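Here is the structure we will look at.
FYI, the numbering just counts along the sequence from 1. As the structure is a computational prediction, the values presented were derived from the model and not from experiment. No hydrogens, no waters, no symmetry mates; every other heavy atom, side chains included, goes into these values.
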Amino acid sequence: MWGLVRLLLAWLGGWGCMGRLAAPARAWAGSRGHPGPALLRTRRSWVWNQFFVIEEYAGPEPVLIGKLHSDVDRGEGRTKYLLTGEGAGTVFVIDEATGNIHVTKSLDREEKAQYVLLAQAVDRASNRPLEPPSEFIIKVQDINDNPPIFPLGPYHATVPEMSNVGTSVIQVTAHDADDPSYGNSAKLVYTVLDGLPFFSVDPQTGVVRTAIPNMDRETQEEFLVVIQAKDMGGHMGGLSGSTTVTVTLSDVNDNPPKFPQSLYQFSVVETAGPGTLVGRLRAQDPDVGDNALMAYSILDGEGSEAFSISTDSQGRDGLLTVRKPLDFESRRSYSFRVEATNTLIDPAYLRRGPFKDVASVRVAVQDAPEPPAFTQAAYHLTVPENKAPGTLVGQISAADLDSPASPIRYSILPHSDPERCFSIQPEEGTIHTAAPLDREARVWHNLTVLATELGWSWGPERGWVPPLVAEWSAPAAPPQRSPVGSPVGIPQVGDSAQASRVQVAIQTLDENDNAPQLAEPYDTFVCDSAAPGQLIQVIQALDRDEVGNSSHVSFQGPLGPDANFTVRDNRDGSASLLLPSRPAPPRHAPYLVPIELWDWGQPALSSTATVTVSVCRCQPDGSVASCWPEAHLSAAGLSTGALLAIITCVGALLALVVLFAALRRQKREALMVLEEDDVRENIITYDDEGGGEEDTEAFDITALQNPDGAAPPAPGPPARRDVLPRARVSRQPRPPGPADVAQLLALRLREADEDPGVPPYDSVQVYGYEGRGSSCGSLSSLGSGSEAGGAPGPAEPLDDWGPLFRTLAELYGAKEPPAP
């Protein structure tokens, strides 16, 4: 078998050599022994065509793929063949003697399709080229060794539902690495392995199309299609590859909305305000997204007046809400129809319509405890000012809609009438004044009146429990506490009684009770050189009454020939102060001009005001140089401003002095401690130390040895030591006492313990830590023997205390004699 293959390859190589002519050879003069160049005929030294090698072929030894031969080679062994170029020496080797070319390993066409090599014949002895080099090509012949692959798979595609047959879905493309120009190794055919009968594929182009009409997304939304690509034109023996295509049906509006039930029933309390949600309606639509959006509307007129319907934020549900206040007593139920319509309608699917549906809705109005209803939304009442307390202002009326016979109690909320200017009759609702009113102080009084139901005539069959009866106290009495803890008289949250409020605006009407007066205090001046009839000041009048502002106010000045000034009424609520024909005589004090004002009200009121006029010395240009009151003060050397400044400074100094003295006194009192309140032990600390037993100058020991002055304790019961004594007990002269120092010290200790006039008055000072490790124990005198009736001896012998305590041991070593 291998010999036949080699023979075939050699035959193919020999025929190939006849197809291409190499470069023409020239005879060399020196090669034949002739002295000069000679023209020889051109001949073909060697010729060959392309060599071929089958890919993926691997044998036990190198495979002969062709042979090179030159005419110069006479078979004498003098010619050597050389091979250079791509793969020479590694992939391809040549026999230097025979020119046979062998391939040494298996080749893959998909890696490299051809190799370009250079062949040359040289003299074996001298390596001199016998022929010019020639190029030839070795092509790798393809075999079907690569299956088709889908580089972009798996695929995902979307197609609208209800598409027609043949609608293009997607195009799939497979690639075959084999040579498309050689045989059918790369000729592909596409087929559907899985997905029939819904989809088909074009065998040549790979376009996937719908195969059946009216595919419904609501029935099946996703399909998995398997596409196969096979080479060799789809014939037996070809290689194949497959991929998957996930086809999703996109939604179209092909389904109309549909209410799941024909009648919806809801209930709502009559007290529900506008905007209160009554219920939800949803029409079912199998479509998704925008195709399922719906709009709801009320078809009947009676329902649209009391209720409204809107679509929720998702566009699916209809929200039925209250549009206007409901009343159980006037109407107890509403019946109407609601329509649901798709907002987006595709004209291509109108034949599947209509895209809307209608359902009936019945809303029952439930009765509820309603607060009293006032006859007016707001009340406007009037009352004249200055009327006596108890004057009728008006009446407020409210009724219980649920039970007209139920009594109503009225009250004024305290915060709306903080001055207690009005009162209301609890049963009748009449408002009276509680104090005289002044329009000039306050024109409007805005009250809040509370109407409270005290009971209903409903029975248990109506579903309501009879309310509690609220107790009402007098307006002036403070609110009391009911047994449940809420104030009586003002309904609290949680009370059974229903209450409502209304605003009552009371306007205080004006009466002519204010006399006209000057708009401001007038203090003017006139020059001493002013001409007669000169205008000094325009005077304005003010009437605080409402009608007085629009009525006429008259003026009248001083009359008679002795009048220093003239007042002229301007008839417009003002008057002019004029200098008369006879000038006023100059004087130091200002003139006080009386002016009478009166209005024309019913009754007419009048008042008298005074205008101050100073006669001043003026400059030629009319400016004031000085006035007589200022000149009078300047004569004394001080003006009014200077006097005020001096008084202010003196007052400030006095205040500082008083404040300083008060602070000093307070500080001194804080540092002082009353003797009767001081129960502390005084501890005096000295910075020097004594000399011990050897110091005989610091203390006179003879004072301790003097028995004079020692006296027995006074007879009688001992004084109390748990209270502070009120008076100090006078000390009695001490009789001579024992001469022994130990007895003297015991006597002094007993005397000090029984004296109520000295600290600590039975006060015990507790010290948390006295030290430890001392063999002497505590030295405190609080545990003295006088409290227990005797002094116990030391806990251990005094001789063991050492030489430093020898003197103290001698003093306390003797036994204390018994008390007399």
Side-chain angles (χ1 to χ4, degrees), residues 261-281 296 298-310 317-338 359-379 396-411 426-429 448-472 482 484 486 490-503:
Q261 58 192 69
S262 59
L263 177 62
Y264 291 85
Q265 295 186 3
F266 301 99
S267 61
V268 61
V269 182
E270 62 174 339
T271 56
T276 303
L277 179 65
V278 178
R280 287 175 175 262
L281 294 86
Y296 296 86
I298 299 177
L299 299 181
D300 300 332
E302 70 174 17
S304 60
E305 294 177 358
F307 302 94
S308 61
I309 191 169
S310 60
D317 293 351
L319 306 180
L320 185 63
T321 56
V322 177
R323 185 173 184 178
K324 69 175 185 179
L326 306 176
D327 187 9
F328 173 81
E329 287 71 24
S330 61
R331 186 164 186 175
R332 301 189 177 187
S333 65
Y334 293 85
S335 297
F336 49 89
R337 294 184 303 161
V338 174
S360 299
V361 177
R362 184 179 183 276
V363 180
V365 180
Q366 293 182 350
D367 196 8
E370 299 177 85
F374 289 93
T375 56
Q376 299 180 21
Y379 290 86
I396 305 301
S397 180
D400 186 358
L401 300 180
D402 299 316
S403 179
S406 178
I408 304 294
R409 286 293 182 94
Y410 302 91
S411 62
E427 291 81 9
E428 302 295 335
T448 301
V449 176
L450 185 70
T452 307
E453 299 176 2
L454 296 185
W456 290 281
S457 60
W458 299 350
E461 67 277 0
R462 302 195 60 180
W464 299 103
V465 178
L468 297 177
V469 178
E471 298 180 5
W472 294 82
S482 65
V484 295
S486 60
I490 300 177
Q492 302 295 318
V493 177
D495 288 347
S496 299
Q498 296 290 320
S500 59
R501 303 180 182 184
V502 70
Q503 296 297 323

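With sequence neighbours excluded, the residues that form a salt bridge (Lys or Arg N to Asp or Glu O under 4.0 Å) with Arg331 are Glu302. Considering only residues two or more places apart in sequence or on other chains, Asp327 meets the side-chain contact (heavy atoms from CB on, under 4.5 Å) condition with Glu270, Glu329, Ser330, Glu370. Applying the salt bridge (Lys or Arg N to Asp or Glu O under 4.0 Å) rule to Glu305 yields no partners; only residues at least two apart in sequence or on another chain are considered.
Relative orientation of the Phe374 and Tyr410 rings is tilted, given thresholds of 30° and 60° on the angle between their planes.
A distance-only check finds a donor-acceptor pair linking the side chain of Ser500 to the backbone of Pro372 [under 3.5 Å]. Not a single donor-acceptor pair under 3.5 Å links the side chain of Tyr334 to the backbone N or O of Val361. Remark: the backbone N or O of Leu320 is not paired with any side-chain donor or acceptor of Tyr296 at under 3.5 angstrom.
Glu453 has its side chain within reach of Ile408: a pair of non-hydrogen atoms, C-beta onward, lies under 4.5 Å apart. Annotation: side chain of Arg337 is not in contact with side chain of Ile298 (no heavy-atom distance under 4.5 Å). For the pair Leu326 and Phe307, the minimum side-chain heavy-atom distance is below 4.5 Å. At least one side-chain heavy atom of Pro325 sits under 4.5 Å from a side-chain heavy atom of Pro274.
Of the N and O atoms on the side chains of Thr452 and Gln498, not one donor lies less than 3.5 Å from an acceptor on the other residue.
With values rounded to the nearest 0.5 angstrom, Ser333 atom OG is found 14.5 Å from Phe266 atom CZ. Here the CD-OG1 distance, from Gln366 to Thr271, works out to 9.5 Å after rounding to the nearest 0.5 Å. Interatomic distance, Ser308 OG to Lys324 NZ, rounded to the nearest 0.5 Å: 12.5 Å. With rounding to the nearest 0.5 angstrom, the CG atom of Leu299 is 10.0 Å from the CD1 atom of Ile309.
Closest non-hydrogen pair, Gly273 versus Thr276, comes out as O-OG1, 2.7 Å. Closest approach of Ser397 to Tyr379, counting heavy atoms only: O-OH, 3.1 Å.
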